[in-house]
Amino acid sequence: MKRLNFLLCTVVLLSCTTARKANDNAMYRFPKFDKEGHRGSRGLMPENTIPAMRAAIDLDVTTLEMDVVISKDNKVVVSHDPYFSADITTTPDGKIITKEEAAKLLLYKMNYDSIQKYDVGVKPHPGFPRQQKIPVSKPLLSELLQATEAYAKDKGKAPLWYNIETKTKESGDGVAHPAPEPFVNLLVPVIQQAGIADRTIIQSFDRRTLQVLHRKYPTFKTSLLIDSNNSQTLEENLDQLGFVPFAYSPHFTLVTPQLVKACHDKGMKIVPWTVNNKEGIERLKAMGVDGIITDYPDLF
């Protein structure tokens, strides 16, 4: 009888554990419709900053989209460009920089303690008149993830998803950034240490990055970004990639009902970028896309 009771207790415990794991995994299912804040909330707050991410969380995005680069001291920094953009940058002594000066300020040639002295929030962005201006610097990815996870929890939000783009291209290897493999080897541990690997997608226009992930870190979800001037078919793009990624992310002008169906037939999500008007969002939703990336998450 004692042995029978022991076996029954073991079965119950295993069942509870299995159920708990199933519930945990359910928490991290990809959203039914994914509302992604591009660079956090680029149209409303300084891009790729912690305040931009918090604003997006307040607007109930399901995924925070961002870009990362690597500094000279091998820190993973949240930044769209591998240099300081003249559109948003103010120097440590308060000066505005020209495009020529900006191109020389490569983050890969600067340690992070120097990078964080530049402001990227007070200069008005010419393309985003609604963007709030506040003093802010480029954050480390580790700092941003810690801040967003804590903020979402404090606000009682569901676990966030993250869509992180690696900014690499072959001509920049060793000049503006590490080659894809060392880049990925620096990025992955930051994501793992933050405890968000199950709800992170790594996206790139550079298929080499995704190929490294597929080979070395096969459990990571990937997304192939497709530019507006890409004239290849879905099949041709996937053939060059060499595998079917978790998601396909084309410029919104490339999306058709046929492309949506083709992606779904292959078991891929399709999440177009960057849609900045309500009509465009509704039109793409009607086609059946799985999510939208926008600079204005208040449009959702």
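The first residue in the sequence is number 1, and the count goes up from there.
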Practice prompt. Evaluate side-chain contact (heavy atoms from CB on, under 4.5 Å) for Lys155 paired with Asp58, printing each intermediate quantity in order.
Written response: CA-CA 8 Å; Lys155 292 288 185 175; Asp58 287 338; 3.7 Å; yes
Item to complete: Go through the steps to decide whether Lys167 and Asp81 satisfy the test salt bridge (charged side-chain N to carboxylate O under 4.0 Å, His left out), and finish with yes or no.
Response: CA-CA 7 Å; Lys167 305 302 293 187; Asp81 299 305; over 6 Å; no
Discussion item. Between Ile293 and Ser249, does the side-chain contact (heavy atoms from CB on, under 4.5 Å) criterion hold? Intermediate values first, please.
Written reply: CA-CA 9 Å; Ile293 302 172; Ser249 193; 3.9 Å; yes
Item to complete: Would you sort out whether Glu279 and Arg283 count as a salt bridge (charged side-chain N to carboxylate O under 4.0 Å, His left out), showing the intermediate values?
Response: CA-CA 6 Å; Glu279 296 74 20; Arg283 179 177 60 84; over 6 Å; no
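The NZ atom of Lys117 lies 12.0 Å from the OG atom of Ser137; values are rounded to the nearest 0.5 Å. One finds the NZ atom of Lys75 at 11.0 Å from the CD1 atom of Ile70 (value rounded to the nearest 0.5 Å). With rounding to the nearest 0.5 angstrom, the CG atom of Leu210 is 5.5 Å from the OG atom of Ser204. Separation of atoms CG (Leu225) and CD (Glu165) is listed at 5.0 Å; rounding is to 0.5 Å. How far OH of Tyr248 is from CG of Leu241: 10.0 Å, rounded to the nearest 0.5 Å. Note that CG of Leu213 is 15.0 Å distant from CZ of Arg207, once rounded to the nearest 0.5 Å.
In terms of hydrophobic clustering, with Ile, Leu, Val, Met, Phe, Trp and Tyr side chains grouped at heavy-atom distances under 4.5 Å, Tyr83 and Val120 are assigned to different clusters. A single hydrophobic cluster is not seen to contain both Val271 and Val244; linkage of ILVMFWY side chains at heavy-atom distances under 4.5 Å, directly or through other members, places them apart. Hydrophobic clustering of Ile, Leu, Val, Met, Phe, Trp and Tyr side chains at less than 4.5 Å, counting indirect connections, unites Ile191 with Val212. The same ILVMFWY cluster, assembled from side-chain heavy atoms under 4.5 Å apart, contains both Leu105 and Val77. The same ILVMFWY cluster, assembled from side-chain heavy atoms under 4.5 Å apart, contains both Leu160 and Ile164.
Closest approach of Leu141 to Val78, counting heavy atoms only: CA-CG2, 3.6 Å. Closest of all the heavy-atom pairs between Val184 and Pro189 is O-CD, 4.3 Å. The heavy-atom pair separating Asn48 from Pro139 by the smallest distance is O-CD, 3.4 Å. Nearest heavy-atom pair across Gln240 and Gln211 is O-NE2, 3.2 Å. Residues Ile270 and Cys263 come closest through the heavy atom pair CD1-SG, 4.0 Å. Heavy-atom minimum distance, Gln232 versus Asn237: OE1-OD1, 3.0 Å.
Seen from the ring of Tyr108, Lys72 does not count as a face-on cation partner, given the 6.0 Å and 45° thresholds.
Taking the six-membered ring where tryptophan is involved, the planes of Phe33 and Phe300 are perpendicular, since the angle between them exceeds 60° and thus also 30°. Between Trp273 and Phe205, the ring planes lie perpendicular to each other; the angle is over 60°, past the 30° to 60° tilted range. Taking the six-membered ring for Trp and thresholds of 30 and 60 degrees, Phe246 and Trp161 have nearly parallel ring planes, at less than 30 degrees apart.
No side-chain donor from either of Asn277 and Tyr296 sits under 3.5 Å from a side-chain acceptor of the other. Residues Asp93 and Thr91 bring a donor and an acceptor atom of their side chains to less than 3.5 Å of each other. For Asn163 and Thr63, the side-chain atoms include no donor-acceptor pair closer than 3.5 Å. Checking Thr253 against Ser228 by side-chain atom types alone, no donor-acceptor pair falls below 3.5 Å. Looking at His264 and Asp290, their side chains do bring a donor and an acceptor atom within 3.5 Å of each other. Side chains of Glu47 and Gln131: no donor on one and acceptor on the other come within 3.5 Å. For the residue pair Thr90 / Lys123, no side-chain donor-acceptor distance below 3.5 Å is found, with atom types taken as modelled.
With Gln132 contributing its side chain and Met45 its backbone, the two residues share no donor-acceptor pair below 3.5 Å. The backbone N or O of Asp198 sits less than 3.5 Å from a side-chain atom of Lys221, completing a donor-acceptor pair. Asp119 places a side-chain N or O within donor-acceptor distance of the main-chain N or O of Val122, the cut-off being under 3.5 Å. Checked by atom type and distance alone, the side chain of Thr294 pairs as donor or acceptor with a backbone atom of Val275 at under 3.5 Å. Glu236 places a side-chain N or O within 3.5 Å of a backbone atom of Thr233 that can act as its donor or acceptor partner. Put simply, the side chain of Thr200 gets close to the backbone of Ile196: a donor and an acceptor are under 3.5 Å apart. When atom types are taken as modelled, the side chain of Ser41 and the backbone of Ala52 share a donor-acceptor pair closer than 3.5 angstrom. Side chain of Thr89 to main chain of Ala86: no donor-acceptor pair is present (N/O by atom type, distance under 3.5 Å, no hydrogens or angles). At distances below 3.5 Å, not a single donor-acceptor pair connects side-chain atoms of Thr166 with backbone N or O atoms of Thr168. Side-chain atoms of Asp67 do not come within 3.5 Å of backbone N or O of Ser79 as any donor-acceptor pair.
Looking only at side-chain heavy atoms (C-beta outward), Asp206 and Pro180 come within less than 4.5 Å of each other. Counting heavy atoms from C-beta outward, Lys266 and Leu238 have side chains that approach closer than 4.5 Å. Side-chain contact between Ile226 and Leu254: present, with at least one pair of heavy atoms (C-beta onward) separated by less than 4.5 Å. Arg42 places a side-chain heavy atom less than 4.5 Å from the side chain of His125. Looking only at side-chain heavy atoms (C-beta outward), Lys157 and Ile57 come within less than 4.5 Å of each other. Side chains of Phe252 and Val289 form no contact here, defined as non-hydrogen atoms less than 4.5 Å apart.
Other residues, nucleotides and ligands contribute over 12 non-hydrogen atoms within 6.0 Å of the OH atom of Tyr112. Shown here is Lys153, whose NZ atom has no more than 12 heavy atoms of other residues, nucleotides or ligands within 6.0 Å. The neighbour count for Glu149 CD, taken as heavy atoms of other residues, nucleotides or ligands under 6.0 Å away, is above 12. The 12-atom threshold is exceeded at NZ of Lys35, counting heavy atoms of other residues, nucleotides or ligands nearer than 6.0 Å.
Looking at residues two or more places apart in sequence or on another chain, you find a salt bridge (charged side-chain N to carboxylate O under 4.0 Å, His left out) between Asp265 and Lys261.
Residue pairs meeting the salt bridge (charged side-chain N to carboxylate O under 4.0 Å, His left out) criterion with at least one partner in residues 168-185, sequence neighbours excluded, are Asp173-Arg208, Glu181-Arg215, Glu181-Lys216. Sorted by first and then second residue, the pairs that involve residues 291-300 and meet salt bridge (charged side-chain N to carboxylate O under 4.0 Å, His left out), not counting sequence neighbours, are Arg130-Asp298.
Under the 4.0 Å criterion applied to side-chain N and carboxylate O atoms, Glu101 and Lys95 are not assigned as salt-bridge partners. Ionic pairing of Lys104 and Glu100 is not present here: no N-O contact between side-chain nitrogen and carboxylate oxygen is shorter than 4.0 angstrom.
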